[in-house]
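Have a look at the structure that comes next, please.
Everything numeric here is computed off the predicted structure, so don't read it as measured data. Indexing begins at 1, ligand by ligand and atom by atom, following the structure's order.
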Amino acid sequence: MLPPDLIIENGLLLTLVDGDKPIPHATLLIQGDRIAAILGPDEKRPSFEQTQVLDATGCIIMPGLVNAHGHTAMTLFRGLADDLPLKQWLFEKIFPAEAKHLSEDSVYWGALLGCAEMIASGTTTVSDGYFFQDSTARAFQKAGLRAIVAQGVIDFPAPGVPDPTQNLAAGKAFVERWKHLSELIKPGLFCHSLSTCSDRTLQGAMRLSQEFSLPLQIHLSETLGEVEEVIRRTGKRPVLHLQDLGLLNQSLIGVHAVHLDDEEIDLLARNKVGIVHSPESNMKLASGMARVTDLVNKGIVIGLGTDGCASNNNLDLFKEMDTAAKLDKVRTLDPVNMGAMTVLKMATVWGAKVLGLDKEIGTIEVGKKADIITVDLAKPHLVPLYNPYSTIVYSASGSDVKDVIVNGRVLMRNRAFTALDAEEVMARVREISAKIRS
Ligand SMILES: [Zn+2]
């Protein structure tokens, strides 16, 4: 074989392929952007002189995490407004701060800070929805992350799109600009919600998404108030209204999906709508508890997302996994529900499937893209190791991630960034936050 470009060796490999057992002392050979070979403990690798080697002794090797929903540049507003009801938080704090302080420059630095945080906690793919998305896409390119970058669509004057009648035209122009610009960045559309987008806007966004074969994200049934508002306006629950509008199909990604009845869950399952669960945001804004086990049991594909930093207030998917597992046990009063493996799949292969990327990422298999992380087990809180899946979900945190590889490129090695100057990024965001504070 050709010499690999990168070798990760001697770690405990969790492929997350159905039926695979953990492989001790495993070695991965990576050529270019893909996994070329996986060697078990008894297979000796040939020696290659020039190849970069990551020693994963004492580490878990696993797929990089997929953050299936976020607003990355909202790191700018981390801790600006906490402990408020969603409507007051959004309309009195967040929307005004965004109107005043978002610009091409601030979104770029905010997104880059989010990239640094996500890389440092093992996220290799993110699905983002926001404004000034050319800046977000440039930040992801600079950081080296894989991303779906979706232009925000809302029927209000929005940052970068002051005339709401132009919201879909701005979305289309963004999609056309980024369609072929980058291997790692795929464009998309993000309709804010049923409360902030008209029926016409929603239908137009779906038409565009299907024309360009893109996912369409929407915040769906996040709060009871939002559900009641839709029922008052349309006479129907939100998912039924979306069905009337022709939006229920595989392109749609419903984020939050907290307040669903049985009929809505059946409709989502039948129409193969992807769902993103954001338990920490739902808890912090007291939106409620999504019926995640019910959704999983109906065969709905569910990813895990941190949501924006103003409602979380971090982008660490390890914390999100722990919370996702425990919250559904509390909701159902059944500790059997939402086991570690289920949650780990939500944060990797299922998230990739929601985003339409599961043929390329989400598991560790020969031929797939090399999006890989290592987790250092030489920490007091990670000893002993009986069940590595349990250790990842219930004991580890993002700061235990040691190395991060995206598309075959090492973005963090032994906790040092290779593509980002984190000190500079933090300094720039501190400068911007001084203006936001004043
Ligand atoms: Zn969101």
Side-chain angles (χ1 to χ4, degrees), residues 66-78 80-82 84-91 93-95 97-98 102 107 110-111 114 117-118 123 125-133 136 140 147-156 158-159 171 188-197 202 205 215-223 225-227 238 242 252-260 273-290 292 302-317 319-320 323-324 346-347 351 354-355:
V66 176
N67 190 347
H69 176 73
H71 316 286
T72 309
M74 288 189 84
T75 53
L76 295 172
F77 307 122
R78 190 199 314 266
L80 179 70
D82 299 323
L84 294 170
L86 185 137
K87 227 169 173 178
Q88 191 184 354
W89 170 82
L90 191 62
F91 284 90
K93 300 289 182 181
I94 298 302
F95 281 165
E98 287 179 338
L102 291 190
V107 168
E117 184 182 355
M118 286 192 281
T123 291
T125 294
V126 58
S127 176
D128 183 275
Y130 210 45
F131 302 103
F132 290 111
Q133 287 298 66
T136 301
F140 286 138
I148 290 179
V149 182
Q151 169 68 35
V153 174
I154 189 167
D155 282 315
F156 290 100
L189 294 173
F190 160 53
C191 282
H192 183 268
S193 71
L194 279 171
S195 307
T196 51
C197 294
L202 293 169
L216 172 61
Q217 303 178 55
I218 185 167
H219 290 144
L220 174 63
S221 299
E222 182 174 358
T223 63
E226 180 197 330
V227 172
L242 285 175
L252 191 70
I253 300 174
V255 180
H256 297 294
V258 174
H259 300 284
L260 301 175
V273 174
I275 296 293
V276 179
H277 182 38
S278 295
E280 294 200 339
S281 177
N282 296 341
M283 290 166 71
K284 183 156 182 277
L285 291 166
S287 303
M289 297 182 279
V292 190
I302 308 186
L304 198 61
T306 56
D307 210 5
C309 226
S311 63
N312 188 306
N313 293 0
N314 64 74
L315 305 179
D316 183 345
L317 274 174
K319 286 188 180 181
E320 205 76 34
T323 304
M346 279 172 52
V354 168
L355 304 181

Item to check | Donor-acceptor side-chain pairing of Thr72 and Asp128 below 3.5 angstrom | outcome: yes
Next on the checklist: Any donor-acceptor pair under 3.5 Å linking the side-chain atoms of His256 with those of His277?
Outcome noted: no
Item to check | Glu320-Asn314 side chain donor-acceptor pair, cut-off 3.5 Å | outcome: no
Checklist entry - Can you name the residues that form a side chain to side chain contact (heavy atoms under 4.5 Å, CB included) with Ile154, not counting sequence neighbours? => result Phe95, Phe131, Phe156, Ala158, His192, Thr196
Checklist entry - Listed by chain and number, what are the side chain to side chain contact (heavy atoms under 4.5 Å, CB included) partners of Ala147, not counting sequence neighbours? => result Val126, Phe140, Val149, Ile185
Next on the checklist: Can you list everything that forms a side chain to side chain donor-acceptor pair (under 3.5 Å) with Lys284? Sequence neighbours excluded, please.
Outcome noted: Asp82, Asn313
Checklist outcome for this item: Counting only protein N, O or S atoms (no waters) closer than 2.8 Å to the Zn ion (ligand 1) gives 4
